[in-house]
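Keep in mind that this is a model prediction, so the values were computed, not measured. We're numbering straight along the sequence, starting at 1.
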Amino acid sequence: MSDQTTDPLADPLAEAFEGFRGETLPFMEGPGGAGARATVRRRRQVRAAAAVCALALVAGGSAAALAHLAPATDRLTPATPPSSAPASAPADPGPSMRPSPSPSPSPSAAPLSLRATDWANAPVTIAASGSCRGATVTFSKGSAASGDTVYRILGGNTAPAYGDLDGDGIEDAIVLVNCQPGSMAPVTALVAVGGTGRALGAVAMPSDLMFSAYSVSGEKIHAAVTEDGGDGRTQQRTYGWNGSSLVQTGGPTAFPALPPPPVTAATFDWTNATLPLPFGGPVPDPGGGTCPTGTVTFANGTAHLGACKYTISQFQPTAATGDLDGDGNTDILLGIDAGRSYWNSWMYAYTLRDGKPALLGYVTALVLKTPASETIQVLSGVTISGHTVSLSQIYNKAGVTQKRTFTWSGGRLVPNAAPHDPAADKQP
């Protein structure tokens, strides 16, 4: 027993532990600096691993569980507002978990590649327009037929034009088609083919007009329409699609009437004209007697004075024309017959002055019965070249054919040589 006074409150275990510590402490050595740092690192690693496990457990739990475990009043409020940066995309759950895409509406018919179309060998629906009959045909080397109508596409140097006529955002095509129904005159037509292949319409010209150029802009066809023949007048017209067909939307609808051309000796109606007969006196009738002279009015080439008949010569091979006297106006050669039962015929040169017939001069006999030649007759080759008339004159009894010329000089036509029979150049 110790000589110290015993404390009734002393803990016997504490006294024993203190005694043990006192006995062993002299023999224990501390870890030192390196050991302490290693211990700190191990503790930090353990705490980090524990934190990761805790986060994994929290992420795997439901929001309801978190709400149950931690009351709202215990949640931490961030010191700064949350960032506005977009959240990261969720991980792809894999093909088996992806939602099926919503079906998209079926598109309308896909537009055709009209610019790549070989129109000379393509099927085309042609709407009826004017005398161009409607049909669906397949062209082969630019031609096709339906019934008695023959169609030709993009002839000559023509080419298709492209643009959006119906406003659907798809390019349409305009092609030039030539239509010939049966024995009728051919006509030209602009045929519109929609971008989805449907026929939009056609517009055809009458046979005396033709499309000479065309283009598409602003949902309109801009076309040049030209007279086929005549003086080749051209008009600019526009056409558009009205929802069912092609219709004219601008420009003139017809050509104004042309003024009548000036009348010349070549176009004047001599067979129904009033003419002063050029004879200087009574004309001998081959059958006997004479025929009077004067002014006569021809009707269909014939006139009468008394018992005598006058005609614009039926024996004349050609009514040659030209400017004999060099005044810039056309002159004409006419034969005039006179007689009762048999006609003599003489050739004269006429012109028009102020629209009225005027005599230039006598040329020679066309048909003349004489005792010396039996018959003098101009057979062929009656022409005017410059100021000269050329012809061939035959004398039956003599069997002679004489080529002759008559040149305008000083107000008369002068022969290059005397006739084989002088009666030929004797004016009645």
Side-chain angles (χ1 to χ4, degrees), residues 264-268 270-271 273 275-286 291 293-296 298 301 303 310-339 342-353 356-370 372-396 398 400-428:
T264 68
T267 59
F268 184 76
W270 295 96
T271 62
L275 300 177
L277 295 177
F279 311 136
V283 179
D285 180 353
C291 287
T293 188
T295 298
V296 297
F298 291 92
Y310 304 84
T311 62
I312 301 298
S313 181
Q314 58 183 317
F315 299 107
Q316 186 176 357
T318 179
T321 59
D323 186 6
L324 279 171
D325 57 0
D327 66 352
N329 296 318
T330 302
D331 308 320
I332 190 169
L333 300 178
L334 291 178
I336 297 179
D337 306 337
Y342 185 85
W343 298 273
N344 282 330
S345 181
W346 297 269
M347 183 184 293
Y348 293 87
Y350 278 88
T351 191
L352 288 181
R353 293 196 176 101
K356 297 181 180 180
L359 179 68
L360 279 183
Y362 173 70
V363 183
T364 188
L366 272 172
V367 178
L368 183 63
K369 186 174 178 66
T370 69
S373 297
E374 185 179 340
T375 304
I376 302 169
Q377 187 172 355
V378 174
L379 294 180
S380 63
V382 181
T383 61
I384 294 177
S385 179
H387 303 301
T388 301
V389 177
S390 300
L391 53 84
S392 294
Q393 201 167 42
I394 189 171
Y395 305 90
N396 288 346
V400 174
T401 298
Q402 188 178 17
K403 291 186 179 295
R404 307 186 67 200
T405 60
F406 300 81
T407 302
W408 180 261
S409 177
R412 59 188 293 263
L413 288 160
V414 178
N416 66 326
H420 185 75
D421 185 332
D425 289 355
K426 183 179 179 180
Q427 182 177 357

Can you tell me how far CE of M347 sits from CG of L368, rounded to the nearest 0.5 angstrom?
13.0 Å
Can you confirm whether F406 sits close enough to V414 that some side-chain heavy atom of one is under 4.5 Å from a side-chain heavy atom of the other?
no
Within residues 374-387 or reaching into it, pairs that qualify as salt bridge (charged side-chain N to carboxylate O under 4.0 Å, His left out) - sequence neighbours excluded
none
Name of the residue among F279, Y348, W346 meeting side chain to side chain contact (heavy atoms under 4.5 Å, CB included) with Q427:
Y348
Atom pair CG/CG of D337 and N344 - distance to nearest 0.5 Å:
8.5 Å
Would you please indicate yes or no on a ring centroid separation below 6.0 angstrom for Y310 and W343?
no
Validation row: I384, L324 side chains within 4.5 angstrom (heavy atoms)
yes
CG/L413 to CH2/W408 distance, rounded to the nearest 0.5 angstrom?
6.0 Å
Tell me every residue that passes side-chain contact (heavy atoms from CB on, under 4.5 Å) with N416, counting only those two or more places apart in sequence or in another chain.
R404, T405
Just wondering, do T295 and L277 contact through their side chains at under 4.5 Å, heavy atoms?
no
Which ring pair (Phe, Tyr, Trp, His ring centres under 6.0 Å) pairs, counting each pair once, include a residue from residues 409-428, with sequence neighbours left out?
Y395-H420
Report yes or no: do T370 and D421 form a side-chain donor-acceptor pair below 3.5 Å?
yes
Please determine, by modelled atom types, if T401 and Q393 share a side-chain donor-acceptor pair under 3.5 angstrom.
no
CG (L275) and NZ (K356) are apart, to the nearest 0.5 Å, by 13.0 Å
